[in-house]
Q: 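This structure is in structure tokens; I'll ask about it shortly.
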Amino acid sequence: MRKVTSLLLASSLLMGSASMVYAETAPLSATPNEHSHMKKRPHGAPEMMLMKGIVLTDAQKQQVHSILAEGRKNLTHPSKADRQAAFDLITAEKFDAAKAQSLVESHAALDKQRMVNRLETDSKIYNLLTADQKKQYQANYEKMKNFKHPAPDAAP
């Protein structure tokens with residue numbers, strides 16, 4: 001009986017230590033790259049995907065950094081008064097469509113300005129690329145088009 005008990009104890013210790021060793025060396029099976037629904041989707045902002053694979057020189061990196069810093073200086077955010085007005089519209093007893101429309105129009109103007117600033121920033125960055133880098137940028141754009149859903153056709 002003593003031999004059987006010691007044999008069972010030794011085998012359980014051996015199996016337990018073997019499973020611990022395996023657990024440390026086994027690869028994780030739930031990595032994001034292994035999920036099929038994530039393989040087809042690009043990661044990151046579209047403008048970052050366009051720069052994927054483009055190796056910038058140190059001078060170009062510095063220029064891109066200064067262009068982006070300049071773009072952030074021109075960035076406009078809704079004022080505190082606009083945010084308060086939006087909150088007041090949401091929490092009001094009765095919804096005021098006229099006030100909402102004027103608030104939406106003021107936000108639309110800010111959005112247009114932000115879009116113009118972003119396009120200008122992207123253009124400045126594109127124009128400091130070399131010819132080979134521009135070819136890579138164009139190739140990335142062609143790849144990116146495949147990830148986008150086609151725009152719906154205009155109604156006749």
Side-chain angles (χ1 to χ4, degrees), residues 16-92 94-156:
S17 63
S19 65
M20 287 175 52
V21 169
Y22 176 74
E24 290 178 7
T25 60
L28 296 175
S29 61
T31 58
N33 294 334
E34 293 180 12
H35 296 295
S36 61
H37 68 279
M38 294 183 77
K39 288 182 182 178
K40 297 176 186 169
R41 191 179 71 183
H43 296 290
E47 51 279 346
M48 290 297 111
M49 185 177 171
L50 291 172
M51 295 295 288
K52 187 175 182 177
I54 297 175
V55 180
L56 299 175
T57 64
D58 290 336
Q60 285 175 320
K61 286 179 186 178
Q62 183 59 38
Q63 288 174 319
V64 167
H65 181 73
S66 63
I67 289 170
L68 291 174
E70 181 184 331
R72 280 190 294 276
K73 286 179 187 174
N74 297 333
L75 188 63
T76 56
H77 296 286
S79 66
K80 282 187 177 182
D82 283 345
R83 287 182 293 201
Q84 184 63 45
F87 180 77
D88 292 343
L89 279 169
I90 293 168
T91 58
K94 187 174 179 183
F95 182 73
D96 187 353
K99 283 183 183 179
Q101 186 64 33
S102 68
L103 186 63
V104 166
E105 288 172 2
S106 69
H107 279 260
L110 287 174
D111 288 342
K112 285 180 186 179
Q113 188 58 43
R114 273 193 288 270
M115 185 67 172
V116 167
N117 288 341
R118 182 65 206 188
L119 291 171
E120 181 183 10
T121 300
D122 290 346
S123 176
K124 287 178 182 178
I125 292 171
Y126 177 79
N127 287 322
L128 58 89
L129 298 177
T130 65
D132 289 338
Q133 290 170 332
K134 286 180 180 181
K135 286 180 187 175
Q136 179 65 43
Y137 189 94
Q138 293 290 338
N140 289 347
Y141 176 73
E142 292 301 320
K143 285 185 208 173
M144 190 182 79
K145 283 195 321 189
N146 295 333
F147 290 113
K148 297 272 185 194
H149 295 289
D153 294 332

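These numbers were taken from a predicted model, which means no experiment stands behind them.
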Q: What pairs with Lys124 under salt bridge (Lys or Arg N to Asp or Glu O under 4.0 Å), at least two apart in sequence or on another chain?
A: Glu70, Glu120
Q: Compare every heavy atom of Tyr126 with every heavy atom of Lys134, then report the nearest pair and how far apart it is.
A: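 Looks like CE-O, 3.3 Å.
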Q: Where do Thr130 and Gln133 come nearest, in terms of heavy atoms and distance?
A: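 Nearest heavy atoms, Thr130 then Gln133: N-OE1, 2.8 Å.
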Q: Could you state the interatomic distance from CG (Leu75) to CZ (Arg118), rounded to the nearest 0.5 Å?
A: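 If I round to the nearest 0.5 Å, the distance is 10.0 Å.
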Q: For the residue pair Ile67 and Leu128, what are the closest heavy atoms and their distance?
A: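 What the structure gives for the nearest pair is CD1-CD2, 3.4 Å.
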Q: Which donor-acceptor pairs under 3.5 Å do the side chains of residues 84-91 make with protein atoms, sequence neighbours left out?
A:
unit_1 : atom_1 : unit_2 : atom_2 : d
Gln84  : NE2    : Asp88  : OD1    : 2.8
Thr91  : OG1    : Phe87  : O      : 2.9

Q: Checking Gln62 against Asp58 for the side-chain hydrogen bond (donor to acceptor under 3.5 Å, both in side chains) test, could you report, in this order, the C-alpha distance in whole Å, the side-chain angles of both residues, the deciding distance, and whether it holds?
A: CA-CA 6 Å; Gln62 183 59 38; Asp58 290 336; over 6 Å; no
Q: Atom OG in Ser66, atom CD in Gln63: separation rounded to 0.5 Å?
A: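 Rounded to the nearest 0.5 Å, the OG-CD separation comes to 6.5 Å.
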Q: I need the minimum non-hydrogen distance between Leu50 and Tyr137, along with the two atoms involved.
A: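 Taking Leu50 first and Tyr137 second, the nearest heavy atoms are CD1-OH, 3.3 Å.
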Q: Who pairs with Glu105 by salt bridge (Lys or Arg N to Asp or Glu O under 4.0 Å), at least two apart in sequence or on another chain?
A: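 Salt bridge (Lys or Arg N to Asp or Glu O under 4.0 Å) check on Glu105 returns nothing, list empty.
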Q: Please confirm whether the backbone N or O of Leu119 pairs with a side-chain atom of Ser123, one donor and one acceptor, at under 3.5 Å?
A: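 Absent.
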Q: On a heavy-atom basis, which atom in Leu129 and which in Gln60 lie closest, and how many Å separate them?
A: CA-NE2, 3.8 Å
Q: When you look at Asp132 and Gln136, which way does the side-chain hydrogen bond (donor to acceptor under 3.5 Å, both in side chains) test go after all the steps?
A: CA-CA 6 Å; Asp132 289 338; Gln136 179 65 43; over 6 Å; no
Q: Looking only at non-hydrogen atoms, find the nearest pair between Asp82 and Ser106 and report the distance.
A: OD2-OG, 4.1 Å
